[in-house]
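Let me begin by presenting the structure, written as C-alpha cells, before commenting on it.
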Amino acid sequence: GRSGAHARKAIPPTAAPARVERVIRWANRIRNKPYRYGGGHGSFFDSGYDCSGTVSFALRGGRFVSSPMPSGSYIGWGKPGRGKWITTYANGGHMYLVVAGLRFDTANTAGDGPGWSRSLRSTAGSFTARHPRGH
C-alpha cells in the first residue's frame, strides 16, 4: 500500500487558475486506485488506471480532453514544449503529467497505480513535452 507523501492529496497553489485546480482535484480522486493496463480508456471512470488513463482522467477535470487517449496520442496533443502550469510527457510506451510542479504518474510512486511525486525524472530525448494552450 501507499504511505507518507505518496498517499497524500496534492494541494492546488492559490495562484493556480481554476482549470488547473480542477485537474489537481480530479487527480486526487484516483491517486489510490490500482494500476490496470487499459484502465481508464473505455470510460474516464474505472476501477484501475494505466499511465495514459491516469493522465486523461486528471486532464478531464480541467476540461482539457473530451475523451481518454492512449499515450501515443499525447505526443501530438496540445502545443509543443512545457506549459506554465501543465505539461504532459509522452512516448510510445509511457507518459505522465506534471501539474503545478508535481508529477502525477503510475511509475516511480509508492504504489503501482496513480500517485503524486516530487521527483521529476529526466526527460532528455525520451519523452515529448506538450501543454494545453494558455496553461
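A quick note: this is a predicted structure, and the numbers were derived from the prediction, not measured.
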Exercise. Taking a hydrophobic cluster as the set of Ile, Leu, Val, Met, Phe, Trp and Tyr residues connected by side-chain heavy atoms closer than 4.5 Å, whether directly or through intermediates, do Ile75 and Ile86 fall within one such cluster?
Worked result: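 No, because Ile75 and Ile86 fall into different hydrophobic clusters, even though each may have its own neighbours under 4.5 Å.
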Path from Tyr35 to Val55 over hydrophobic side-chain contacts below 4.5 Å: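 No, Tyr35 and Val55 fall in different hydrophobic clusters.
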Please find the pair of heavy atoms, one from [X] and one from [Y], that lie closest to each other, and give the distance.
X      : Y     : value
His41  : Pro68 : O-CG, 3.6 Å
Trp85  : Ala15 : CZ2-O, 3.5 Å
Asn91  : Gly93 : OD1-N, 2.8 Å
Ser47  : Lys33 : O-CD, 3.7 Å
Ala129 : Tyr89 : CB-CE2, 3.6 Å
Ala27  : Ala58 : CB-CB, 3.9 Å

Query raised in the report: Got a sec, which residues hit salt bridge (Lys or Arg N to Asp or Glu O under 4.0 Å) with Arg19, two or more places apart in sequence or on another chain?
Result: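 None.
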- prompt: Arg60 and Phe45: side-chain contact (heavy atoms from CB on, under 4.5 Å), yes or no, with the steps?
  reply: CA-CA 11 Å; Arg60 177 71 180 103; Phe45 299 94; over 6 Å; no
Can you measure from [atom1] ([X]) to [atom2] ([Y]) and round to the nearest 0.5 angstrom?
X     : Y      : atom1 : atom2 : answer
Asn28 : Ile11  : CG    : CD1   : 7.0 Å
Phe64 : Thr88  : CZ    : OG1   : 11.5 Å
Thr87 : Lys79  : OG1   : NZ    : 14.5 Å
Arg82 : Arg130 : CZ    : CZ    : 15.0 Å
Ile24 : Leu102 : CD1   : CG    : 7.0 Å
Arg31 : Arg8   : CZ    : CZ    : 11.0 Å

- Would you please classify the geometry between the Phe104 ring and the Trp116 ring as parallel, tilted or perpendicular, with 30° and 60° separating the classes?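 Tilted: the ring planes of Trp116 and Phe104 meet at 30° to 60°.
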Trp26 vs Phe57 aromatic rings, parallel, tilted or perpendicular, using cut-offs 30° and 60°?
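Trp26 vs Phe57 ring planes: tilted.
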Is a donor on one side and an acceptor on the other found under 3.5 Å between the side chain of [X] and the backbone of [Y]?
X      : Y     : answer
His131 : Gly78 : no
Asp105 : Cys51 : no
Asp50  : Gly38 : yes

* Pairing residues for Arg22 by the side-chain hydrogen bond (donor to acceptor under 3.5 Å, both in side chains) criterion, not counting sequence neighbours ->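 For Arg22, no residue satisfies side-chain hydrogen bond (donor to acceptor under 3.5 Å, both in side chains) once neighbours in sequence are set aside.
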**Pairing residues for Tyr74 by the side-chain hydrogen bond (donor to acceptor under 3.5 Å, both in side chains) criterion, not counting sequence neighbours** =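 Partners of Tyr74 under the side-chain hydrogen bond (donor to acceptor under 3.5 Å, both in side chains) test: Ser56.
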Could you go through Val65 and Trp77, starting from their C-alpha distance and side-chain angles, then the distance that decides it, and tell me whether this counts as side-chain contact (heavy atoms from CB on, under 4.5 Å)? CA-CA 10 Å; Val65 296; Trp77 176 79; 3.7 Å; yes
| Enclosure of Tyr37 OH (heavy-atom neighbours >12, cutoff 6.0 Å) |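 No, the 6.0 Å shell around OH holds no more than 12 heavy atoms from other groups.
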